[in-house]
Every structure is written in structure tokens, then in C-alpha cells.
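Worksheet for the structure shown next.
Within every chain, numbering begins at 1; the chains are lettered A, B, ... in the order of the sequence lines, protein sequences first and strands thereafter.
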Amino acid sequence: MSIYEKASVIRALKLIEAAPITGRSPAAIAWSHLKSDRTAWVSSFFVFIFLFIGVIAPIFPRILHTTPDAFHPETLDADRGAMPIGSFGGISTQHWFGVEPRTGRDIFLRFVFGARTSLSIALIATVIATVIGVSIGLMSGFFGGKVDQVLSRLMEIILAFPSILFALAITPVLESVLTRAGLPDGNGVRIPVMIFVISTFGWPYIARIVRGQVISLREREFIEAARALGASRWHLVFREILPNLWAPILVTVALNIPTFITTEAALTFLGAGVIEPTSDWGAMLLASVPFYRVDPMYTFIPGFALFILVLAFNLLGDSVRDALDPKSSR
Amino acid sequence: MSLRNKFLASVGALALGATAMSMAPIAQAATPASWSGPAPAVKGAVTGGTLTILNQGDFEHIDPARNYVGGTLDFYRFFIRTLTQYRTINGKTELVPDVAADLGTTKDNGKTWTFKLRANLKYEDGSKITCQDLKYGTMRSYNDDILDGGTTYAKDFLQNETGFKGPYTDPTGDLTSITCSPKGDAITYKLAYAVPYFAYVTTFGSFSPVPKAKDTKQNYDLRPVSSGPYKIESYNRGKNMTLIRNKNWDPKSDPLRWNYPDKIVVKFGYEQNALENMLFSDSGEAKRAMSLDTQMVTNLAEAMTYSPIFKDRLYAFDSPYARYLAINMDTVKDVNVRKAIQCAVNLETVLLAAGGTYAGAYSNSLIPTSLKNAYRNFNVCGRDVHKSPEGQTDAAKALLAKSPNAKKDLILAYRDKGTEPARAAAVQQALLAAGFKVTMMKLDRAGYYTRIGQRDVGVVQPDVIQTSWGFDWAAASGIVPALLDGRTMSPTDSHSNYSRQNEPSMQSLFEKADMITDALKSDKALGDLEQKIIVDFAGIVPMYIEASTFMTGSKLGGVQADGGYGTLSPLAAFVRK
Amino acid sequence: MLTYLVRRLIGGATVMVFVSIFVFGLFFVLPADPARLACGKSCTPELMAEIRHALELDIPLPEQYFRFVKGIVSGRTYLAGSEAQLDCAAPCLGYSYQTDQPVTFLLKDRAPATLSIAFGASILWLLIGLSSGIVSALRRATWIDKFSQGTALAGASLQIYFVGLVLQFILVDKLGWLSSPGYVSPNDYPMEWAQGMILPWITLGFLLSAIYARLTRAGMIEVMSEDYIRTARAKGLSSRRVNFKHVLRAAITPIITVFGLDLGALLGGAVITEYVFNIPGLGKLATEAVSNVDLPVIVGTVIVAAVFIVIANIVVDLVYMILDPKVRLA
């Protein structure tokens with residue numbers, strides 16, 4: 001259930017009414033709005049930090065002289081249920097975020113590599129969902145008629161599925177298909193399945209918006225004019241309509257990325273995601289549940305990070321949308 | 001008995017404490033003097049009140065033909081009686097006759113067994129329990145396509161010359177290997193081969209009386225007819241069960257059961273952390289309650305550290321569960337590679353992943369130390385694992401160097417349950433350090449044991465399998481044959497022999513052991529056999545024997561660890577005011 | 001309007017047909033062989049065949065699907081004519097592999113818990129969301145506005161499993177203000193029922209209220225700047241009357257849309273909520289069924305959830321149509 005998607009639906013529909021302002025190109029106007037928005041700067045910064053950490057993750061094992069998967073039995077108290085020694089979950093100069101109970105693995109490294117896993121899966125799924133969503137939305141909106149009916153029906157069917165529930169149920173099914181086809185078990189199978197599932201349930205949200213935009217755009221004068229001048233359909237789609245779609249596409253994607261990220265975390269939390277020993281924020285949250293009373297830091301770290309990241313994307317998406325919308329009602 | 005792990009499956013993590021209080025009772029056969037009821041009174045017991053049992057999960061099945069889970073087999077004795085049963089008094093467990101009047105006699109060295117039956121036993125409605133009912137109870141277990149989930153010992157051991165398929169498929173057929181005496185006061189079982197320990201096998205539910213007229217097939221699971229001290233008043237699956245007194249149960253006919261509480265209420269659906277906290281803090285309804293499937297996990301360390309305070313309601317004992325890795329001898333053919341795996345595994349990190357000191361004790365064998373005749377304290381990878389549990393990485397590397405061309409890519413299978421993923425990760429890291437390449441194979445809980453047993457061509461087989469075993473009965477014969485005898489396998493299914501052990505030299509030792517009818521000598525022979533398989537052939541990497549740690553409410557008494565099932569038993573429980 | 005309703009119903013039914021075919025096909029075609037799973041220890045090929053026959057898996061797939069649909073519409077009989085014949089009244093969704101109980105019974109049994117969550121949480125999120133949004137709109141640009149908006153943003157960015165665990169930690173474990181969350185029947189123990197539901201209600205209520213706050217605020221601000229509102233105020237109508245009668249009424253439509261969709265999705269089984277708070281509802285039933293590979297239950301829960309979503313969509317469309325004359329006359 002994507003909460004923020006609802007807002008984007010309503011708001012983006014209102015964007016249809018917005019007429020482009022003559023003078024500076026919309027892009028230039030939007031950019032100047034964005035540049036002066038302080039919240040946009042701060043949230044971009046956070047987004048960038050998380051992405052950056054995910055990218056440079058491999059250098060940390062060298063700095064800390066250990067790996068995210070290595071067990072450190074000496075940091076655990078065997079007589080106290082194998083809990084980390086020391087307060088705040090065993091934070092020390094060697095283990096910046098402490099260690100995991102029962103395994104002694106370094107939480108900072110697992111967090112950083114977990115960011116890599118969670119974010120890459122979510123972002124790849126976003127790209128795929130966007131490509132599919134835009135294409136189908138374009139076709140549906142532009143060609144109308146039977147094509148639109150069939151594609152809209154398809155979107156409706158996919159949206160009727162209870163997404164998390166179905167994703168959870170379908171993941172082992174798809175995995176067994178791939179394994180039987182000969183692919184080796186493990187993350188090699190699980191990651192593609194996750195990406196497939198997330199993007200399959202994600203593209204209709206994007207397609208719906210794009211379709212709405214295209215429908216309104218195609219009745220506009222400039223399209224009529226181009227058609228009168230003898231423009232081919234491909235020209236219309238790629239030269240006239242698509243360039244005018246970038247604004248709503250951008251906004252929708254920005255507002256949907258958090259959903260992809262949280263869906264990935266939720267699916268892993270529910271057990272359908274990457275497996276040991278690969279680190280992932282959802283997996284860390286899941287693993288922390290039995291220990292949240294005696295080692296709350298273990299839950300807090302990935303949970304809070306996820307919160308900040310989603311918040312940052314939401315703020316950024318808001319800022320982008322407001323920058324693009326001349327009738328901003330803030 | 002790997003399916004018994006379902007019992008522990010609902011425990012969040014298996015962290016427990018083997019302290020000086022550990023009780024590991026063994027079931028010896030009781031002397032005839034004690035075969036008659038009533039069961040000796042429990043010290044300080046009071047009659048009356050309601051015993052509450054709080055569980056995370058419902059019982060898989062309560063139909064006696066459909067159960068194989070320790071906790072349920074222990075509990076359902078409140079309303080199910082079997083041919084023979086275990087009785088635990090003051091920490092000592094013995095085998096006693098239950099519906100039978102003796103522990104069976106054999107004139108042909110164990111191929112035919114005759115049990116005298118007790119007279120005048122009644123069901124909850126006053127009707128008599130007959131020898132025919134006992135026979136029917138076993139016959140219906142043959143329809144395991146409908147009545148699935150139980151043990152297959154009846155089918156495995158009894159002769160079946162007519163190819164009887166079960167009363168639902170074969171309504172006119174008969175299981176001729178079971179016969180009742182003309183007066184109905186004795187029952188005789190003809191076995192396919194000699195089984196010296198058959199009296200232990202008849203503790204299972206497929207040797208329980210079921211009146212044919214009341215057999216509701218799949219629905220019998222919701223309301224079996226009671227022959228014990230309590231009967232089912234209501235059973236809402238997944239929610240609760242209420243037992244009330246069975247007036248037709250005669251304590252004088254029963255040497256192993258008590259009936260102190262007026263009522264027993266079982267509630268399902270609690271969550272590990274919440275339930276554990278309730279029991280630990282003795283709050284609310286937990287004061288008069290206990291749990292069959294929830295042990296101390298996050299509260300474990302505190303419970304064990306301050307154990308003197310809790311000693312009246314803290315129960316810590318060795319469970320019968322041995323946690324180990326089975327090395328697939330079909331796919332890992334090189335014995336040096338297998339020995340290298342044995343050496344590489346770091347037992348310290350595995351036990352930590354399971355919960356530390358109180359989770360259990362390192363073990364070098366699948367046989368618990370309490371089975372004194374069968375247990376051997378040998379070195380694994382040249383060292384005493386109790387003293388040096390760390391992985392012997394150098395030794396592992398040296399062994400691998402001896403077989404440079406052997407395969408070093410391993411698939412490690414584990415179940416998605418409790419501490420198993422963390423333990424599998426520990427095993428993986430240890431193997432990586434020795435130079436192996438390890439792919440993880442995470443499998444669902446459901447059907448795990450079926451999956452890891454598959455030997456079909458075309459099915460990807462794991463090389464190292466994380467699994468566990470709780471003995472079917474307290475003797476080496478309840479462990480070693482099931483887990484290591486190549487004859488139990490079929491071409492497509494290893495059954496419980498996950499190592500797919502089938503070395504000719506070992507098999508001839510199994511055949512020799514078959515000939516031994518003396519239970520004690522059989523234990524010794526099987527113990528030696530197991531040692532050879534582990535040390536010479538490296539078919540198994542033993543890791544640790546689990547410990548169980550339970551807490552009950554302060555108002556309960558009479559709760560005890562049951563040596564037959566390795567569970568915390570409510571059978572003798574009473575509720576103080 | 002009637003024709004519209006009929007068309008939507010037919011559309012909804014079509015969607016459900018596709019969903020059911022897809023779900024049925026996917027789950028019954030692909031994964032671990034249920035006959036093998038049920039077979040157990042001393043499995044022989046004959047026994048597996050017998051079990052397969054008992055589970056009616058040996059008939060051709062289209063026939064299986066047909067019987068499945070017929071079962072839903074008018075009931076079915078398993079293993080007709082044999083000793084183990086089993087009658088299953090409509091709507092028949094099969095029998096659980098795990099507990100042998102009828103799936104319909106299980107669904108009916110677990111539904112009250114999910115309904116309880118949805119009922120309380122929805123009242124709460126509407127209350128919180130609407131009042132927060134109204135206050136924000138009326139006190140625009142003051143600190144109250146900023147605070148409300150900030151809270152709404154936080155709510156939209158937080159995750160259920162994180163907030164749930166944190167709240168549980170604080171309220172139940174540390175402060176002891178609440179007892180552990182759980183479900184008891186409100187018919188038997190109304191007080192305990194409410195107490196057990198407080199934590200899920202608060203968590204869901206807070207998290208889902210975010211979008212309603214934003215929609216209300218945005219909608220009201222939009223309408224408040226309309227001419228007819230100015231006219232009403234100029235005419236001397238009190239602020240209160242203007243705000244509530246005219247402004248809110250106009251702004252309510254998107255809120256109803258989103259409310260319907262949220263409720264529909266929630267009724268299908270709040271999977272994560274029920275997992276975190278251990279509520280035995282439809283979502284928990286589904287997750288248990290997934291880990292037990294209990295196919296009939298999985299299929300049953302997915303289909304029921306999809307039905308809720310489809311119905312919610314239809315209802316929302318109808319309400320939209322009633323409330324917004326522009327749509328009705330189109």
C-alpha cells in the first residue's frame with residue numbers, strides 16, 4: 001500500500017490544469033525555484049549521503065580491518081545470551097555502530113553494505129518500473145481505443161492484487177521456477193525475483209499518471225498543429241509529447257522511490273528477500289525484533305536511517321513538484 | 001525423529017541453560033510392582049483449580065495416529081492412552097504398561113510380541129475399551145494418505161502379507177499380523193523382523209485404542225475419544241482448547257497419570273517475546289500457567305544468573321535434541337574433504353549464534369551423554385570439542401591439500417526458522433576461512449525435511465545440511481539406525497539418513513547389530529558404530545546438544561521434565577490457591 | 001447512474017476472474033509439490049499418487065480451476081463416492097493442507113481481528129488527519145501549521161515495523177502503560193479488546209493520517225481562495241459556517257477517494273501490522289500459510305484481499321460520482 005502514491009495521484013492530476021508560462025523555459029523557472037529552496041538542498045544532501053555511502057561501501061572494510069560478514073565472538077558475552085559486551089549494543093572505536101547480538105558482526109559495515117543492497121535493488125526496480133510505466137502510459141494515452149482499454153484493464157488487474165501479500169506469496173514460487181531452470185540457488189535467484197516483483201507491482205502507478213497526462217496533452221493545440229503539418233505518430237510521441245512529460249514523470253518517480261525502497265525493506269523483513277549472510281536494512285530490522293528489548297540500538301539504526309532516507313526523498317519530491325508548479329499553494 | 005523439531009520450531013531462538021540443575025532422565029523399563037495404578041501422589045499437590053497452558057502455536061494434530069511432535073505426545077496423554085507409555089516421577093523416567101498390563105513377552109527373540117491387556121478400561125462415555133479397538137487404532141494408521149503426520153513404525157515393523165492399505169481404502173481388508181485373544185485380554189503383534197525394543201515403539205499413538213464406530217477420519221483430529229483423566233470440552237483450532245474431568249477414568253488402572261486440576265485450558269497464538277515476559281515476570285494469568293513451546297530467550301541470561309530466586313519455577317534440562325551438520329556422502333565423495341569440513345566448523349560461533357552458554361553443550365556425538373551405554377567421548381578432528389570448540393582451520397587446510405582436485409564448492413542447506421540462519425552463517429564463515437566456497441540454500445520450514453531428503457536425479461542436492469535429531473526413544477536404537485543406516489533409504493529419498501551413509505563396511509556392522517537382542521549390548525554396538533562413522537568417514541559434524549529452559553507461574557507445582565519426550569510435562573501439574 | 005454501476009460491477013468481476021486465474025495458475029502450477037510435502041517419512045510413489053488423488057491434484061489443470069470456481073459459486077464435493085468423501089459448502093475455497101479446516105472457515109475466523117484493526121485505525125486516522133489538516137489550513141504559516149505539516153511528513157516517512165517496535169518498547173516494556181498488544185473478541189471482553197488494539201490503532205492511525213492531513217490542508221486552502229467563498233464571507237456568513245459547510249464539503253472528495261482505497265487495502269490483511277503486533281488476522285493467516293506452503297489458504301487470502309480492493313475501488317468511484325456532479329454528467 002503506497003501512502004504517498006495517493007497524494008501524487010491527486011496532486012499530479014491537478015498539474016493538468018497548469019498551463020506552461022511563456023518567457024523562460026519551464027525548466028529554467030523550475031530550476032531557479034529549486035535552487036532557492038533550502039529544504040531541497042538539505043534533503044538532496046541526505047539522499048546523496050546515503051547513495052554515496054552505498055557506493056563507497058567497499059572501502060570501509062579496509063579501514064576497519066574486517067568484513068561485514070565476519071563473526072567476532074570476542075565481542076559477545078556467552079553467558080548473557082551472546083549479547084554484545086558494552087553499552088549501546090557494543091559501540092567502540094573498532095565497531096562504530098556496535099555489533100550484532102549472537103554473531104558479533106559489525107553493525108556499521110552491515111549497515112553500509114545493507115544500504116548498498118537495499119538501495120540498488122530499489123533503484124533498479126525504479127528504473128525498470130519507470131521505463132515500463134512510461135511506455136505503457138504513453139501507448140495507452142496516445143493510442144486510446146482498444147489499446148487503452150486492454151492496457152487499462154491490465155493496470156487495474158495488477159492494482160487489484162494485494163501487493164505485499166501477493167509479492168510475499170509469489171516470491172518462493174518464482175524462485176523455484178528459476179531454480180528448476182538451472183539457476184543456482186541463493187541471492188542469484190532471489191535478487192532478480194525481488195526486482196521483478198517490485199517493478200511489476202510498481203509500474204501501474206507510474207503508468208496511470210503518465211496516461212492521464214498524455215490524454216490531456218494530446219488534445220492540445222500544439223499537437224493538433226503538428227498533426228496538421230503532417231507529423232508522423234512517432235514524431236508526435238517522441239518530439240512533442242514526451243518532452244512535455246518529463247515534469248510529471250520526474251515528480252512521480254521522486255515520490256515513488258521511497259515506496260520502492262520501503263517495499264524492498266518490507267519484503268525482506270517478511271522473509272522474502274536476500275538471504276544470509278548478505279546484509280540488507282529490512283533483514284537487519286527483522287533480525288533485531290527478538291532483541292529489541294535488550295539491544296534497542298540494533299533496531300534503531302536501520303529503522304532511523306530508513307526514516308531519514310524516506311523523509312529526504314519525500315521532501316525532495318515535494319520541492320521538485322513545487323518548483324515545477326507555478327500555482328504552488330504552499 | 002526430525003519432525004519433532006516442529007515442537008521447537010515455534011520457539012523463537014533456542015537459547016537455554018545447562019546448569020547443575022540439568023535433569024536428563026532415561027527411560028528404563030519399570031519393575032512389575034509399579035505397573036498398577038494409581039500413580040504415586042505428588043508431594044504437596046492440591047486438587048482443584050484451572051491449569052492454564054499458553055502456547056505460541058496450536059498442536060499440529062491430536063489424532064493419535066497423526067502425531068510425531070514431542071510436546072504434543074506428552075500433552076495428549078491427558079486424554080490418550082497407548083499400549084505402553086513413559087512415566088516420570090521425581091526426575092526418573094520409566095517405561096510402564098498403559099493400556100497393556102505388561103511390557104510384552106516374546107517367545108521368538110522379538111519377532112512376535114504378546115501384551116496382556118488391563119481389564120475394565122472405559123472411554124469417556126462409559127463404553128469399554130476393547131482389544132479390537134486397539135487393533136483398529138493401528139489399522140487406521142495405515143491410511144496415512146488421509147491421516148498424515150504420524151509415525152510409520154506400525155507400517156515399518158508389522159507384517160502385512162495381505163498388503164492391507166488401511167480401512168478407508170480397504171474397508172473389507174484385515175491386518176492379519178495383529179490378533180486378539182479369544183477373551184480379548186491379550187493382543188499379539190507379528191513383526192516383519194526382530195525388534196527387541198518394540199515396547200518403546202508402542203508408546204506412539206498408532207498403538208492407541210480408537211472405537212471404529214466413532215472414527216470420524218480427518219475430523220477425529222478435532223475430537224478424539226478420551227480414555228484418560230480428562231476429556232475435551234471444546235477445541236477451537238488455533239485459538240483454545242478446554243479439558244474437563246473424565247469421570248470414567250479409573251486412577252487405579254493408570255500408573256502414569258494424575259488429575260489434580262479440575263480444568264485445563266490451553267490458549268494458542270501468543271507471541272514469543274510477550275509470552276516469555278509474562279512467564280518471567282509471573283504476571284496476570286501467567287501465575288497459574290506454563291508453556292509447552294515457549295522457552296526463555298531474551299530473559300534467559302537473567303533467569304540463569306539469578307536462578308536461585310527463580311528456582312521454584314525455573315526448569316533447565318538437557319533436551320534430547322542434537323544439532324548437527326549432515327555431510328552428503330553422495331555428493332561429497334572425498335573423505336578428506338569431509339574431514340576438512342569437520343575440522344573447519346567453529347562450534348564456538350555456532351553456539352553463540354544459538355544463544356551462548358545456556359543454549360546447550362558442545363557435543364562430539366549425536367548420542368546424549370545420559371545414554372551411558374551408548375555414548376562415547378571421542379575426539380573430532382583430533383581434539384576434544386568440549387575443550388576446544390574453535391574451528392581447526394589449519395588442519396582443515398592441510399586435509400584439503402591432500403585432495404587438490406576434489407570439489408570445494410559446497411551448498412549449505414538450512415531452514416528458515418529461529419536461530420538457524422544465524423548458525424548457518426556461522427558455519428559458512430568458518431568454511432570460507434578454510435578455503436571452501438559456500439553457497440547458501442535457504443529452505444522454507446514446511447517440507448524442509450522432505451526437501452533435504454530428496455535424492456532424485458535432477459534435484460539439486462545440498463552438500464552440507466544443517467539439521468537436528470531428537471531420539472524417538474531413549475536408546476541408541478532410537479538414534480543411530482534412523483540417521484545412519486543406509487538401508488532406510490530409497491533411491492529417491494534418504495529419509496532421515498541425511499548423510500546418505502551407505503558404506504559397505506558400516507552396513508555390515510549394522511547387520512551384525514540387528515542380530516543382537518539384548519538391549520544393552522545393542523546400545524554398545526550402535527555407539528561404536530556411530531563413532532566409526534563420525535571419526536573414520538566424517539559423515540556428520542556434531543555441534544551441540546540443546547538445553548531447554550522453561551519458566552512457569554509461581555502457583556504451579558508438579559511440573560517436571562519428561563525423560564521420554566524431552567519436554568516440560570504438565571501431566572502431574574497442580575494449581576495452588 | 002445505474003448503468004454506470006452495472007458497468008463497474010462487470011468490470012470488477014472481469015478483474016476478479018483474471019486475478020483468480022492468475023493466482024490459481026501460479027500457485028498450483030509451480031511450487032513444491034504438495035503431495036510430496038504431505039507424504040512425509042516413508043514415502044512411496046504409490047502413496048504419493050494416493051495423496052495426489054486425495055488432494056485432487058491429478059486431474060487436468062483447467063478442470064481443477066473449473067471445480068475451484070464452481071466450488072466458490074455453489075460448493076463442491078471432494079473424493080465423491082469414496083470412504084473419505086468430503087462435502088464443502090459454497091463458497092468453497094478448499095481445505096487447508098496444514099489443519100484440514102475449510103479455508104472459508106479460517107477466513108471467517110480471522111476476519112474479525114483484521115476488521116478490528118481497520119475499524120479503529122480508520123476512525124483514528126480520519127480524526128487525526130482531518131483535524132490536523134483543518135487546523136493547518138486555518139492557521140496557515142503559523143507554527144501550528146508548520147508543526148502539523150512536519151508531523152504529517154514524519155508520519156508519511158516512517159515505517160510500521162519501526163514505529164511499532166519503538167512504541168512497543170516505550171509504552172509496553174519501559175513505561176508499562178499498556179499491556180502487550182493482541183486480539184480478544186470484543187463480544188466476550190470489550191475492555192481487553194480495546195486495550196489490546198490500542199497500539200496497532202495508534203501506530204496505523206498516526207502513520208496513515210499523514211496523507212489525509214496533507215490532502216485536507218491543500219484542498220481547503222485551494223477552495224478557500226475561490227471566489228464563491230469570498231462571496232459567502234462577504235455576505236456575512238460566520239467563519240465556522242463557511243469553513244465547514246462550504247470549504248470542507250468541496251475539499252472532501254479526494255479524501256474520500258483515498259480513504260476508500262486505504263480501507264480496501266487494509267481489509268485485505270494488514271500484513272506487516274499483524275506481524276509486528278501479533279494479531280491473528282487475515283494478514284497473519286496469509287504469512288503463516290506462505291511459510292507453511294499451505295496453498296489453498298494462500299489462494300483464499302489473496303483472492304479475498306483482491307475482492308476487498310476491487311469493491312473498495314467500485315464504491316469509491318460511485319461515491320465520487322455522487323459527490324462530484326461534473327463526473328456524474330460526463
Ser157(C) and Asn314(A) have their tightest heavy-atom pair at OG-ND2, 3.1 Å

Can you tell which part of Phe300(A) gets under 4.5 Å to a heavy atom of chain C, answering side chain, backbone, both or neither?
-> both

Sequence neighbours excluded, the answer for ring-ring contact (aromatic ring centres under 6.0 Å, His included) partners of Phe18(C) is none

Please step through side chain to side chain contact (heavy atoms under 4.5 Å, CB included) for the pair Thr299(A) and Phe169(C), ending with a clear verdict.
-> CA-CA 11 Å; Thr299(A) 310; Phe169(C) 180 62; over 6 Å; no

Which atom names give the shortest non-hydrogen contact between Ala305(C) and Pro162(A), and what distance separates them?
-> CB-CG, 3.4 Å

Honestly, the part of Val302(C) sitting under 4.5 Å from a heavy atom of chain A is both

Residues that Tyr161(C) engages under ring-ring contact (aromatic ring centres under 6.0 Å, His included), provided they are two or more places apart = Phe269(A)

So how far is it from Leu315(A) CG to Leu153(C) CG, rounded to the nearest 0.5 Å?
-> 4.5 Å

Which heavy atom of Leu165(A) sits nearest a heavy atom of Thr301(C), and at what distance?
-> CD2-O, 4.2 Å

Interchain contact, Tyr275(C) with chain A, by part (heavy-atom threshold 4.5 Å) | side chain

For Arg110(A), check salt bridge (charged side-chain N to carboxylate O under 4.0 Å, His left out) against everything at least two apart and list the hits.
-> Asp69(A), Glu100(A)

Does any heavy atom of chain A fall under 4.5 Å from the side chain of Val276(C), the backbone, both, or neither of them?
-> side chain

Return the option, out of Phe313(A), Tyr292(A), Phe304(A), with the maximum number of heavy-atom pairs under 4.5 Å with chain C.
-> Tyr292(A)

What is the distance from atom CD1 of Ile164(A) to atom OG1 of Thr287(C), rounded to the nearest 0.5 Å?
-> 11.5 Å

The interface call for Ile298(C) against chain A, heavy-atom contacts under 4.5 Å, is side chain

Against chain A, label Val15(C) side chain, backbone, both or neither, depending on which of its atoms sit under 4.5 Å from a heavy atom there.
-> both

Per-residue contact mode, Pro296(A) against chain C (heavy atom under 4.5 angstrom) = side chain

Search all heavy atoms of Val310(A) against all heavy atoms of Ala156(C) and return the closest pair with its distance.
-> CG1-O, 4.4 Å

Could you state the interatomic distance from CD (Gln159(C)) to CG (Leu306(A)), rounded to the nearest 0.5 Å?
-> 5.0 Å

Which portion of Ala154(C) sits near chain A, non-hydrogen atoms under 4.5 angstrom | both

Which residues in residues 149-157 of chain A have any heavy atom lying under 4.5 Å from a heavy atom of chain C?
-> Arg153(A), Glu156(A), Ile157(A)

Side chain to side chain, Phe166(A) and Val23(C), heavy atoms closer than 4.5 Å = yes

Residue part contacting chain C, namely of Ala272(A), when any heavy atom lies under 4.5 Å | neither

Nearest heavy-atom neighbours spanning Ile309(C) and Leu159(A) | CG2-O, 3.9 Å

